Visitor: 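Please find one structure pasted underneath; my questions will follow.
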Amino acid sequence: MAKQLRLGLFENAQANDSGTATWRHPDNKRYLFDSLDYWRGTARMVEDAGFDFLFLADAWGWADVAGDRPEICSVEGLDLPRLDPAIILGALIPETSRLGLVATGSTLLEAPYSFARRMATLDILSGGRIGWNVVTTGTADTAVQGFGVPMVGHDERYVMADEFMQVVYKLWEEAWEEGALERDKDGRFADPAKVHRIAHEGTYFRSHGYGNTSRSPQGTPVLFQAGASPAGREFGGKHGEAIFVGSGSVEQLLGHSSAIRDEAEKNGRARTDVKIMSAFAAVVGSTEEEARRKYAEVADAQNPEVTVASYAWFTGLDLSAYAPDTPMSELSTELSQTQVARFADKTVGDVLGDWHAHGVGARPIVGTPEQIADRMIELADGADLDGFLFAPTIPPASTEDFIEHVLPILKDRGAIAPQPEQPQSLRERLIGTSTPALAETHIGSSYRKSLTRV
Ligand code: 9WY
Ligand code: RBF
């Protein structure tokens, strides 16, 4: 019996993403990212197809090359403009009934008290279908300028993120107990014994008093995490419930998944308590030749200026300023370290070529539906993955192709987890817990007053 995979759709509330520019492609509709119809259509399509969740990435700031935002960024819609992912999720709640809805949020730039309320509101209104992708923001240099806050170094951002988690666990798990709201017109609205003051006095954050929202169905939204640097993995092993890894070979992905499961074990969790999902892109053709032709259309849409500007956005590094034979191992960044580390054995010239057509994102598997389905199963089995985060190269056409041609093969082979019969919280559906609450082995559940720990 094949392993039953979980599926998410990777989307981004801007015209392009992942450091590429495919918005001019005739089948691209995401250049209309600021229309509700685009998001409605996308959410319904993946819910009907049986995806477990829709995931919205997010970033702040803009590309900066030699002190300013290059004009190519506006010409190609590279970094800006975008919409707020959490508000899009709010609009999608009434459009969907089973789909998990996941938004990225930054621990560097959000204020924990208001952020906790925003997530709790979404979780309440959706009946417990919300997830939060915890990021420390890898596009930070210009982001902090907009916020007028100091820049924080890469590893320190994860220390700060850990403290952010302490504050939001207090608000989500400790402040309001389950069942605090009685809504009894002849009695009381809430039970005062179930409403608690919280206190946090830390290095980066202070918060005292009562939480602004009562406990939501899941309490803490399902915690997603994608940091691939050593500090990011450590954080993921402690707090993450679903972890995204980039794409790669079976060996590379197995390396990532076992490192993350090791980190989970160090935190008293089971290796299977973290669900590992790999970013996955596919260019599907009825023949290999057709698939290669379709991929060439994507690659042709790129130009070197896009590459330089978008690489600078994710890393702060201006590749055009280095000799092409410079080894990438000589470069370092305080921004998204993943984007330097993954090219450790390459030169600057290689990256300028390789970045072409997939940017930071997943390098597409190009082939027939059978070849793509085979590859997914091979990767999942060989690298101990729990599922995939499908990242469309041409949104939404690549997603439609995947659903129409590849998904039926995966379903036939029994490789896709069935849709839940009843609406379920995202945590029960994706993580496999028996209730919507955090597993008892998760650090966040130690903040729950009502939980009797043995
Ligand atoms: C995203 C996928 O440096 P790290 O690799 O630990 O620098 C902090 C952090 O922003 C980076 O982590 C960055 O790589 C995390 N990251 C993603 C990473 C991966 C592997 C598949 C998706 C990611 N999505 N950081 C985002 C995102 O949407 N926003 C973000 O700020
Ligand atoms: N975003 C980042 O800020 N830094 C990253 O290193 C990063 N790596 C990614 C890797 C993959 C495989 C994928 C699919 C996405 C990644 N992202 C990253 C998310 C990025 O593509 C996202 O669209 C922007 O950050 C938000 O506009």
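As the structure lists them, so they are numbered: ligands from 1, and atoms in each ligand from 1. Just the heavy atoms: all of them, side chains too, but no hydrogens, waters or symmetry mates, feed the values below. Keep in mind the model is a prediction, meaning the values are calculated, not measured.
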Visitor: Note the single closest protein heavy atom to atom 3 (O) of ligand 1, along with its residue, its atom name and the distance in Å.
Guide: His154 NE2, 2.6 Å

Visitor: I need the nearest protein heavy-atom contact for atom 13 (C) of ligand 1: residue, atom name and distance, please.
Guide: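 Going atom by atom, the protein heavy atom closest to atom 13 (C) of ligand 1 ends up being Ser336 OG, 3.8 Å.
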
Visitor: Tell me whether Ser425 contacts the main-chain N or O of Arg129 through its side chain, where contact means a donor paired with an acceptor under 3.5 Å.
Guide: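 Absent.
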
Visitor: Provide the number and element of each atom of ligand 1 under 4.0 Å from a heavy atom of Leu335.
Guide: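 Ligand 1 atoms under the 4.0 Å threshold to Leu335: 3 (O), 7 (O).
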
Visitor: Nearest non-hydrogen atom to atom 19 (C) of ligand 1 belongs to which of Ala362, Ala228, Ala226?
Guide: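 Nearest option to atom 19 (C) of ligand 1, by heavy atoms: Ala226.
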
Visitor: Which ligand 1 atoms, with their elements, are less than 4.0 angstrom from a heavy-atom of Gln337?
Guide: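 The list of qualifying atoms is 3 (O).
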
Visitor: At a non-hydrogen distance cut-off of under 4.0 Å, which region of Leu389 contacts ligand 1 (side chain, backbone, both, or neither)?
Guide: neither

Visitor: Could you tell me the residue and atom name of the protein heavy atom closest to atom 21 (C) of ligand 1, and the distance to it rounded to 0.1 Å?
Guide: Phe244 CB, 4.0 Å

Visitor: Name the option, out of Thr315, Ile243, Val135, that contains the heavy atom nearest to atom 25 (N) of ligand 1.
Guide: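 Looking at heavy atoms only, Val135 sits closest to atom 25 (N) of ligand 1.
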
Visitor: For the residue pair Ser310 and Asp79, confirm or rule out a side-chain donor-acceptor distance under 3.5 Å.
Guide: no

Visitor: May I ask you to check whether Phe224 and Phe53 place their ring centers less than 6.0 Å from one another?
Guide: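 Yes.
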
Visitor: Using a 3.5 Å cut-off on N or O atoms only, is Gly246 in polar contact with ligand 1?
Guide: no

Visitor: In the protein, which heavy atom is nearest to atom 7 (O) of ligand 1, and how far is it?
Guide: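 Nearest protein contact, heavy atoms only, for atom 7 (O) of ligand 1 is Arg157 NH2, 3.0 Å.
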
Visitor: Between the candidates Thr338, Asp58, Leu56, which shows the shortest non-hydrogen contact distance to atom 29 (N) of ligand 1?
Guide: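 It is Asp58 whose heavy atom sits nearest to atom 29 (N) of ligand 1.
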
Visitor: Can you check whether Trp132 and Phe164 have ring centres sitting under 6.0 Å from each other?
Guide: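 Here the rings of Phe164 and Trp132 have centres that are less than 6.0 Å from each other.
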
Visitor: Backbone, side chain, both or neither: what part of Gln339 comes under 4.0 angstrom of ligand 1, heavy atoms only?
Guide: neither

Visitor: For His239 and Gln225, does a side-chain donor sit closer than 3.5 Å to a side-chain acceptor?
Guide: no

Visitor: With no hydrogens and no angle check, just 3.5 Å: does a side-chain donor-acceptor pair link Glu156 and Tyr204?
Guide: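 Present: a donor and an acceptor within the cut-off.
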
Visitor: Show me the short polar-atom pairs for ligand 2: any N or O of it lying under 3.5 Å from a protein N or O, with distances only.
Guide:
| from | atom 1 | to | atom 2 | distance (Å) |
| --- | --- | --- | --- | --- |
| ligand 2 | 4 (N) | Ser336 | OG | 2.7 |
| ligand 2 | 6 (O) | Ser336 | OG | 3.4 |
| ligand 2 | 6 (O) | Gln339 | NE2 | 2.8 |
| ligand 2 | 8 (N) | Gln339 | NE2 | 3.0 |
| ligand 2 | 21 (O) | Ser18 | N | 3.3 |
| ligand 2 | 21 (O) | Ser18 | OG | 3.0 |
| ligand 2 | 23 (O) | Asn12 | ND2 | 2.7 |
| ligand 2 | 27 (O) | Asn12 | OD1 | 3.2 |
| ligand 2 | 27 (O) | Asn12 | ND2 | 2.9 |
| ligand 2 | 27 (O) | Gln14 | OE1 | 2.7 |
| ligand 2 | 27 (O) | Arg82 | NH1 | 3.4 |
| ligand 2 | 27 (O) | Arg82 | NH2 | 2.6 |

Visitor: Taking the six-membered ring for Trp and the single ring otherwise, decide whether the centroids of Phe147 and Trp60 are under 6.0 Å apart.
Guide: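 Here the rings of Trp60 and Phe147 have centres that are less than 6.0 Å from each other.
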
Visitor: So if I count the atoms of ligand 1 from 1 in the order they appear, which ones are less than 4.0 Å from some heavy atom of Ala57?
Guide: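 Atoms satisfying the 4.0 Å criterion: 28 (O).
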
Visitor: Hey, is the main chain of Ala59 close enough, under 3.5 Å, to the side chain of Arg82 for a donor-acceptor pair?
Guide: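 Yes; at least one donor-acceptor contact below 3.5 Å.
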
Visitor: Check Phe10, Phe388, Phe244 against Phe280 for a ring pair (Phe, Tyr, Trp, His ring centres under 6.0 Å) and give me the one that passes.
Guide: Phe388

Visitor: Indicate whether any N or O donor in one side chain lies under 3.5 Å from an N or O acceptor in the other, for Tyr31 and Gln14.
Guide: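 Judged by distance alone, the side chains do not pair up.
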
Visitor: For the pair Tyr158 and Phe235, name the ring-plane relationship: parallel under 30°, tilted 30 to 60°, perpendicular over 60°.
Guide: tilted

Visitor: Taking it one step at a time, do Lys238 and Ile443 satisfy side chain to side chain contact (heavy atoms under 4.5 Å, CB included)?
Guide: CA-CA 7 Å; Lys238 181 169 176 189; Ile443 179 100; 4.3 Å; yes

Visitor: Has ligand 1 got any nitrogen or oxygen that is less than 3.5 angstrom from a nitrogen or oxygen of Tyr158?
Guide: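 Indeed, backbone or side chain, Tyr158 has an N or O that close.
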
Visitor: With a 4.5 Å cut-off on side-chain heavy atoms, are Asp384 and Leu253 touching?
Guide: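 No. Closest side-chain heavy atoms not under 4.5 Å.
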
Visitor: Check the orientation of Phe51 and Phe402. Use parallel for under 30°, tilted for 30 to 60°, and perpendicular for over 60°.
Guide: perpendicular

Visitor: Does any N/O atom on Gly138 come nearer than 3.5 Å to any N/O atom on ligand 1?
Guide: yes

Visitor: So if I count the atoms of ligand 1 from 1 in the order they appear, which ones are less than 4.0 Å from some heavy atom of Thr136?
Guide: 7 (O), 8 (C), 9 (C)

